[in-house]
Amino acid sequence: MATSARRDEPLRDTLRQNRGAARGIRRPAWTGQAALPRVPASPSTPLRNTPAMRLSQYFLPTLKETPAEAQIVSHRLMLRAGMIRQSSAGIYSWLPLGFRVLKRIEQIVREEEDAAGCQEVLMPTIQPAELWRASGRYDDYGAEMLRIKDRHDRDMLYGPTNEEQITEIFKAYIRSYKHLPKLLYHIQWKFRDEVRPRFGVMRGREFLMKDAYSFDLDYAGAERSYRKFFVAYLRTFARMGLKAIPMQADSGPIGGDMSHEFQILAETGESKVFCDKAFLNFDPLQSDIDYDGNLKPLVDRWTGLYAAADEKHDPAKCPVKGDQLLEARGIEVGHIFYFGTKYSAPLGANVDGPDGKSTTVHMGSYGIGVSRLTGAIIEASHDDAGIIWPESVAPFRVGLINLKTGDAKTDALCADVYAKLRQKKVEVLYDDRDERAGAKFADMDLIGLPWQVIVGPRGAAVEKVEVKNRRTGERAEMSVDQALTKVAG
RNA sequence: CGGGGCGUGGCGCAGUCUGGUAGCGCAUCUGCUUUGGGAGCAGAGGGUCGUGGGUUCAAAUCCCGCCGCCCCGACCA
């Protein structure tokens with residue numbers, strides 16, 4: 001058998017690599033292979049399985065130059081920080097750093113939905129056309145819906161939303177008003193075949209969305225459910241460090257009456273918004289919420305102030321005068337609406353009421369763009385050097401920078417700080433690469449971890465480290481113990 | 001979907017008008033020197049120039065078709 005040139009390639013590559021390894025040659029940050037950790041006999045299943053990471057082993061392909069296709073700042077920074085990789089127009093893979101942020105955001109959304117009494121389910125991405133024919137939307141939805149056929153030539157679709165699906169589930173099991181209200185949500189990938197996807201994950205075709213659905217006996221009940229989500233949304237966005245303003249909205253193609261969209265304020269936002277400056281003083285996290293109590297006063301407080309997106313704003317009719325009117329740019333990150341029996345009626349979602357009569361349930365649906373939020377947060381929180389993550393969604397809380405790997409004292413001090421942070425369960429990314437100081441500073445600023453602990457030979461000689469706050473830029477030298485306290489939060 | 005632009009090594013670009021050995025910077029690999037804000041020198045590897053056809057002695061370059069991506073607008077979480 002002839003030995004082809006191609007056949008020789010892998011062998012040569014292997015030899016080359018082995019030679020490199022034997023000499024202790026460093027590999028780029030994201031190609032290194034870590035020794036696999038020993039698996040304990042009875043492994044636990046923590047939510048986060050990588051609380052700490054060495055950058056020399058981490059897959060973090062940062063870019064110095066900006067890819068040409070990215071126009072807006074969040075898209076540029078997500079590509080440069082190695083968070084995502086475009087697969088095709090409006091469709092992205094999530095790399096480790098981006099995926100961590102996505103999971104963080106998802107988890108905050110989940111916690112606040114759960115707190116409001118909403119229960120998590122998971123519905124499929126692929127749905128049967130039949131379901132959508134029943135609601136009449138199979139024909140109404142248009143080309144934005146990705147239609148596919150299975151091997152039996154049955155019409156299927158990649159779900160752009162899940163009203164029909166959830167209504168079918170509800171209908172199958174719930175027969176009595178005694179089981180109402182029911183609040184259900186899921187966090188699932190959706191697909192809308194946008195004519196023109198753009199702005200990176202802010203307007204992709206495939207996107208991760210939390211969509212919740214409420215089922216109530218009547219309008220009054222639906223109103224109570226609506227308020228729960230209204231409040232949960234205020235808390236959700238506030239926890240991500242965002243200023244979200246609820247604005248009266250059209251209910252769009254899904255249809256309905258009561259509707260608000262939640263716009264976060266960001267200088268680079270997609271549309272102009274106008275609102276009362278008093279909003280800025282509201283803090284949704286100030287007080288505990290009793291979701292079983294009366295939420296009307298709280299919702300009224302938020303809806304009592306003027307807020308309008310560009311197309312709804314009429315300067316002549318605006319009640320807010322002069323300085324008190326805030327003109328800003330916004331990004332829509334959530335949308336809630338009540339739509340009555342729009343789906344429950346055609347799909348036959350009825351329950352028996354107290355009077356023994358069958359009643360069509362009142363529904364509402366409540367969306368949050370989870371993947372979009374990743375970009376939106378960056379739009380709201382960045383500077384020239386890169387991303388500035390709010391602590392609640394940061395992929396790691398602390399970046400530990402070793403300014404001179406190979407220097408015994410510096411290495412030892414870094415190892416000490418790294419171990420202590422892990423002990424304190426502080427998520428840390430340790431830059432132990434053999435790179436120049438400047439490159440490390442630049443990368444760390446770019447990926448935007450809230451805290452940097454900088455260790456160099458100068459400080460190591462006197463057992464001091466430098467702590468830098470990414471947001472304020474404030475930096476100070478201090479002992480390891482002081483640094484741990486400062487950074488642990 | 002209307003209008004415009006662009007596809008050349010992993011990234012950013014030149015070369016196309018006027019056809020004639022495929023280049024530059026960054027990144028990567030090797031060696032030496034460097035080391036507190038994206039290092040220097042020397043060497044090396046890597047590209048069927050989006051794709052199919054056509055014209056020609058010869059095509060990244062000219063012609064036709066197709067595909068992909070980006071921007072503006074209308075539309076949207």
Side-chain angles (χ1 to χ4, degrees), chain A residues 9 12-13 16-17 19-20 23 25-31 61-72 75-76 79-80 82 85-91 141-145 160-161 189-211 233 249-254 261-264 270-271 311 330-337 365-376 385-386 401-407 410 433-446 452 454-460 465-466 468 475 477:
Chain A
E9 288 300 331
R12 274 218 318 262
D13 287 346
R16 203 179 294 146
Q17 276 173 14
R19 218 169 53 213
R23 293 183 198 164
I25 285 159
R26 74 191 154 93
R27 312 211 63 82
W30 47 275
T31 56
T62 57
L63 301 171
K64 211 191 289 187
E65 284 170 301
T66 303
E69 74 266 17
Q71 296 301 315
I72 62 160
H75 191 194
R76 286 202 295 259
L79 290 169
R80 286 194 53 213
R85 162 117 187 134
Q86 181 165 330
S87 168
S88 59
I91 303 179
Y141 218 92
E144 278 206 349
M145 187 156 78
T161 177
W189 292 93
K190 309 281 190 293
F191 193 91
R192 291 182 196 171
D193 202 353
E194 295 278 347
V195 188
R196 190 184 159 208
R198 60 185 126 168
F199 306 148
V201 299
M202 295 256 290
R203 185 156 169 209
R205 292 194 291 172
E206 189 183 52
F207 55 97
L208 187 61
M209 180 175 172
K210 186 282 303 182
D211 42 324
Y233 274 36
D250 292 324
S251 42
I254 302 181
E261 57 187 32
F262 288 74
Q263 299 257 1
I264 62 158
E270 57 197 346
S271 56
E311 63 275 11
I331 300 170
E332 186 182 349
V333 290
H335 200 156
I336 62 179
F337 35 90
S365 85
Y366 315 87
I368 290 180
V370 175
S371 49
R372 162 177 266 218
L373 270 166
T374 316
I401 301 180
N402 184 333
L403 287 180
K404 192 168 184 176
T405 50
D407 178 76
T410 309
R433 294 174 303 169
D434 183 15
E435 287 288 341
R436 319 257 316 171
K440 295 188 176 194
F441 287 132
D443 269 345
M444 203 55 88
D445 284 349
L446 174 64
Q452 295 175 13
I454 302 159
V455 182
R458 214 166 60 199
V465 300
E466 194 172 306
K468 174 181 164 184
R475 45 168 80 209
E477 241 183 31

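Each chain gets a letter, A, B and so on, in the order its sequence line appears, and its residues count up from 1.
- Within the nucleic acid shown, A:Ala442 comes within 4.0 Å of at least one base atom, counting heavy atoms only.
- Between A:Arg196 and the phosphate of B:C72, there is a side-chain N or O to OP1/OP2 separation shorter than 4.0 Å.
- Pair assignment for B:A22 gives none, since no Watson-Crick or G-U wobble pairing has each distance under 3.5 Å.
- Listed candidates were B:C75, B:C26, B:G37. Nearest to the side chain of A:Arg475 is B:G37.
- Across B:G12, B:C70, B:C72, the shortest atom-to-atom separation from the side chain of A:Gln86 is found for B:C70.
- Listed nucleotides B:G36, B:C11, B:C69 differ in distance to A:Ala89; the shortest reach to its side chain belongs to B:C69.
- Among the atoms of the strands shown, base atoms are found under 4.0 Å from some heavy atom of A:Asp445.
- Residue A:Gly456 is classed as a base contact, given a heavy-atom separation below 4.0 Å to a base.
- Across every strand in view, B:U16 sits unpaired, with no contact that passes the Watson-Crick or G-U test at under 3.5 angstrom.
- When the C1' atom is compared between B:C24 and B:C66, the two are found 32 Å apart, to the nearest whole Å.
- Within the structure, every side-chain polar atom (N or O) of A:Arg372 is placed at least 4.0 Å from both OP1 and OP2 of B:A77.
- Minimum atom distance to the side chain of A:His335 is reached by B:A77, of the listed B:A77, B:G36, B:C1.
- Proximity note for A:Arg458 (side chain, C-beta onward) versus B:A77, B:G36, B:C71: the nearest is B:G36.
- Using P as the reference atom, B:C1 and B:U8 are 25 Å apart when rounded to the nearest Å.
- With both pairing distances under 3.5 Å, B:C62 is matched to B:G54 as a Watson-Crick or G-U wobble pair.
- A donor and an acceptor atom sit less than 3.5 Å apart, one in the side chain of A:Arg203 and one in the base of B:C75.
- For the pairing with A:Arg433, the side-chain contact (heavy atoms from CB on, under 4.5 Å) check across A:Asp443, A:Asn402, A:Thr405 returns one residue only, A:Asp443.
- A:Ile454 places none of its side-chain heavy atoms less than 4.5 Å from the side chain of A:Met444.
- Across all strands shown, B:G36 remains unpaired; no Watson-Crick or G-U wobble contact has both distances below 3.5 Å.
- Look at the C1' atom in both B:C49 and B:G68: the space between them is 15 Å, to the nearest Å.
- Between B:G38 and A:Lys440, no contact under 4.0 Å exists linking OP1 or OP2 to a side-chain N or O.
- Using a 4.5 Å heavy-atom cutoff, the side chains of A:Glu270 and A:Ile72 are not in contact.
- Rounded to whole Å, the C1' atom of B:C26 lies 11 Å from the corresponding atom of B:G38.
- Nucleic acid contact for A:Asp407: none, since no nucleic acid atom lies under 4.0 Å from a heavy atom of the residue.
- Looking at heavy-atom distances under 4.0 Å, A:Gly204 makes contact with a base.
- Ionic pairing of A:Glu435 and A:Lys440 is not present here: no N-O contact between side-chain nitrogen and carboxylate oxygen is shorter than 4.0 angstrom.
- No side-chain heavy atom of A:Phe199 sits less than 4.5 Å from a side-chain heavy atom of A:His75.
- The partner of B:C41 is B:G31, judged by Watson-Crick or G-U wobble contacts that both fall below 3.5 Å.
- For A:Ala68, the listed nucleotide lying nearest its side chain is B:C13; candidates were B:C26, B:G36, B:C13.
- B:G40 and B:C13 are spaced 24 Å apart, taking the C1' atom of each and rounding to whole Å.
- Taking the C1' atoms as reference points, B:G4 lies 23 Å from B:A60, given to the whole Å.
- With contacts defined as side-chain heavy-atom distances shorter than 4.5 Å, the pair A:Glu194/A:Glu144 qualifies.
- With P as the reference atom, B:G73 and B:C63 are 31 Å apart, rounded to whole Å.
- Distance from the side chain of A:Leu446 is smallest for B:G38 among the nucleotides B:C76, B:G38, B:C69.
- You won't find any donor-acceptor pair under 3.5 Å spanning the side chain of A:Glu435 and the base of B:G38, going by distance alone.
- Contacts of A:Lys210 with the nucleic acid, taken as non-hydrogen atoms under 4.0 Å apart, are absent.
- A donor-acceptor contact under 3.5 angstrom links the side-chain atoms of A:Arg80 to the base of B:G38.
- For B:G38, the base is not stacked against the aromatic ring of A:Phe441, per a cut-off of 5.5 Å between centres and 30° between planes.
- Each of A:Leu403 and A:Glu194 was matched to the nucleotide of RNA chain B holding its nearest heavy atom; the match closer to the 5' end belongs to A:Leu403.
- Taking only side-chain atoms of A:Pro457, from C-beta outward, the nucleotide of B:G36, B:C1, B:A77 with the closest atom is B:G36.
- The residue A:Gly459 sits close to a base: some heavy atom pair falls under 4.0 Å.
- Base pairing analysis places B:G9 opposite nothing; no Watson-Crick or G-U wobble pair with both distances below 3.5 Å involves it.
- If you check every strand for non-hydrogen atoms under 4.0 Å, A:Ser88 touches sugar and phosphate atoms only.
- The side chain of A:Arg198 has B:G73 as its nearest neighbour among B:G36, B:U34, B:G73.
- Rounded to whole Å, the separation between the P atoms of B:C62 and B:G43 comes to 36 Å.
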Item to check | Verdict with reasoning, A:Arg372 to A:Glu332, per side chain to side chain contact (heavy atoms under 4.5 Å, CB included) | outcome: CA-CA 9 Å; A:Arg372 162 177 266 218; A:Glu332 186 182 349; 3.9 Å; yes

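- When both distances must be under 3.5 Å, the Watson-Crick or G-U wobble mate of B:G2 is B:C72.
- A:Lys210 has its side chain within reach of A:Tyr366: a pair of non-hydrogen atoms, C-beta onward, lies under 4.5 Å apart.
- Comparing atom distances between the A:Glu65 side chain and each of B:G36, B:C72, B:G25 picks out B:G25 as nearest.
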